[in-house]
Amino acid sequence: MLYLELFIQGLVQGSIYALIALGLTLVYGLLRILHVAHAALFTLGGYIGVIVTNATGSFTLAMVVAMLVVGLAGMLMYKLAYEPLLSQPPYVSLIASIALFIASEEIFRIAFGPYGLSYQTAPLQGHIELFSGFYLKYAEILVMGLSTILMIALAWLSMQTRTGVAWRATVTDPDMARAFGVKIQNVRYLNFFIGSSFAAAAGVLVALLNNLVEPTMGSVASYKALAIIVLGGLGSIRGTLIASLLLGVLESFGTIYIGHLLDRDAIAFAFLILVLMIRPQGLMGGKL
Amino acid sequence: MSYEITLMTTMAISVLFALSLNFITGFCGQISLGHAAFLGAGAYTSAMLSKADVPFLFTIPAAAICAAMLGAIIGLASLRVRHDFLAITTMGVGFLFVGIIRQQDFFGGEIGIAGIPSSGFGKGGFMLICIALALTFAAFSLYVRRSWMGFVFKSIADNEDVTRVLGIDVSRYKLIAFIIGTGTAGVAGALYAHHFRFVGPDSFGFVESISVLAMVIVGGIGSVWGVIFAAALLSVLPMLVQFIDDYKLLFYSGLLFAMMRFSPDGIAGLCTRLFSSIPRRVPDNGGNNR
């Protein structure tokens, strides 16, 4: 019973990781940037979610607004922060991104106070009993459901539409795609919009699960999401999804059984280092 | 006078720590996002030995050896990964270090180790020791950069594959850079522990790793003088200006971002461009390490 409960908890956590890490993978696959500041967009999503829900009372509206606004913020971040750095060596954009992330944490702290915000009346806090003694919160069902829907929507977009074809072509070979008339710039904007809005969805969902948004909520997400995309083999979407769920489940078991040796975050990185020693290209990465 | 001594001591420790990272990241081109772990390893070693009545001066080499051993292990592991994978792996090492320290009562757990005995040299004497060690390592860095080893480091930083083709044992030199850099960070850790007389897991986390990387990058990656200048400036600025202390992280990160945006080769690069009519060679990365 405990096993099943841990497993489900792991899947819920893993779905959140997947939503966050997906945006990072998209950015890495296209631009080869380790986009640490992605977690700032995740936090922004959480804040917008709570503020709009408290102001209007509609959680659905909050989710939509958060995804749209944060998606635009992501595009803006690309335009202002990353585009000028594309010609520099990779560590430059990595450091710039870390700086951006730390600065945003401070700005959240200054703007909304250090103690965070909560929902006035948190939606979806009820639960159903699947079978005797085993409860699942509505919020947890929503997390798994919404992530699945968003993933399927993304898969449809990239596989079934012309935009998706252009996108995949750009990831594979930017120069060739440009030669075939794909507007690289638009693909990059789209990339940042989708990745950021997924992060916003994750932020709203995490705010719902914890009934709290705080300035530092992104810190764990940012570093762990990096671990996940590296684990999955940088740039591989399939690898990222597998790594997210695997890590979610592993953590939920690990916290119970080896929690006295390592804390939760350390488990993730111990696993990461272990995997990289055996497969330096990550779980699903191609040959280096 | 006591205030100035504290200031100078902090400065010297930061310079030593930043130079130790510069040895790995600047000279050898191996980015590290978890360098504070080695500062921590040195600090904990020195703190625990001091509490067991080992004289301060003996704890310094012990801290260096302990940190260097850890560095050698991490270095060996890091040989398998490159570029972005290396950055994340070293970041993981930092989190692993804090995660382990936090959970072990042996290391004082969350609370850390307080009441570390004083160095026994008085504040002034301790300051002189710190400055002497920082200057010694600065001189050593300048010497290495002109030596055969320094050329190999530079070559590895520029293009690892070509260096290997030239018949140079890249792994060996990377490991040497790692061991010297982490060992020195351990020395800085020993000084740190006896300066603040307290060590805790939060002192060696990711923020600390980023701060020291900021010093190296703001100074100009690989430039000894630039790094000394930036480390000295950035370590005491928050103490001198109260406003900056309140918004310390915002200031640091803003500076770091501005530096990356407008002068990725740091203060050293800025000076080179300002005072030289000959255009500086643009680092050629050719996209091959992306």
Side-chain angles (χ1 to χ4, degrees), chain A residues 28 31-34 36 80-81 84-85 87-107 109-110 219-220 222-224 226-227 229-231 233-234 258-273 276-282 285 288, chain B residues 25 29 31 33-34 74 76-104 201 206-207 210-211 213-214 217 221 246-262 264-265 282-285 287 289-290:
Chain A
Y28 190 87
L31 299 171
R32 297 282 180 270
I33 293 174
L34 288 173
V36 179
L80 296 180
L85 300 179
S87 57
Q88 301 286 353
Y91 75 86
V92 173
S93 48
L94 174 64
I95 306 290
S97 187
I98 292 173
L100 214 56
F101 172 62
I102 296 175
S104 73
E105 257 187 6
E106 288 296 291
I107 291 169
R109 183 175 66 83
I110 294 163
S219 53
V220 171
S222 68
Y223 314 135
K224 216 174 276 175
L226 283 182
I229 67 166
V230 171
L231 197 58
L234 285 166
I258 53 170
H260 56 286
L261 291 176
L262 298 168
D263 66 4
R264 199 184 168 96
D265 304 342
I267 291 173
F269 283 104
F271 183 56
L272 165 80
I273 293 173
L276 285 186
M277 289 307 104
I278 302 164
R279 281 183 67 85
Q281 71 275 38
L288 280 179
Chain B
T25 303
I31 193 156
L33 294 179
I74 307 299
L76 270 174
S78 302
L79 290 178
R80 284 182 64 77
V81 288
R82 285 162 77 171
H83 310 309
D84 294 335
F85 283 92
L86 179 65
I88 305 304
T89 307
T90 52
M91 186 174 99
V93 169
F95 277 91
L96 211 53
F97 177 78
V98 175
I100 292 171
I101 292 288
R102 210 185 275 285
Q103 298 293 323
Q104 305 303 322
F206 188 63
V207 172
I210 291 303
S211 308
L213 191 62
I217 285 168
I221 205 156
D246 292 342
Y247 298 94
K248 185 177 164 190
L249 279 176
L250 195 59
F251 175 76
Y252 258 125
S253 49
L255 190 66
L256 201 56
F257 182 78
M259 215 65 198
M260 286 298 98
R261 175 72 179 77
F262 299 109
D265 43 4
V282 180
D284 173 28
N285 271 280
N289 48 2
R290 295 203 136 205

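Scope of the values below: all heavy atoms of this structure, side chains included, with no hydrogens, waters or symmetry mates. Throughout, protein chains are lettered first and strands after them, A, B, ... in sequence-line order, and every chain is numbered starting at 1.
Every residue meeting the side-chain contact (heavy atoms from CB on, under 4.5 Å) condition with L86(B), not counting sequence neighbours, appears here in chain and number order: Q30(B), S78(B), V81(B), T90(B). The side-chain contact (heavy atoms from CB on, under 4.5 Å) test applied to L80(A) returns L76(A), not counting sequence neighbours.
Only the side chain of I217(B) comes within contact range of chain A, with heavy atoms under 4.5 Å apart. In this structure, the portions of I102(A) lying under 4.5 Å from any heavy atom of chain B include both its backbone and its side chain. In this structure, the portions of R261(B) lying under 4.5 Å from any heavy atom of chain A include both its backbone and its side chain. In this structure, the portions of Y223(A) lying under 4.5 Å from any heavy atom of chain B include both its backbone and its side chain. Heavy atoms closer than 4.5 Å to chain B are found nowhere in A268(A), neither backbone nor side chain. Residue F97(B) does not touch chain A at all, counting heavy-atom pairs closer than 4.5 Å. Only the side chain of I221(B) comes within contact range of chain A, with at least one heavy atom under 4.5 Å from a heavy atom of that chain. Contact of I98(A) with chain B is made through the side chain alone, with heavy-atom distances under 4.5 Å. Interface remark: I229(A) contributes no atoms to any contact with chain B (heavy atom separation under 4.5 Å).
In terms of heavy-atom proximity, F257(B) sits nearest to A96(A) at CD1-O, 3.6 Å. What you find for M260(B) and I95(A) is that their closest heavy atoms are SD-CB, 3.9 Å.
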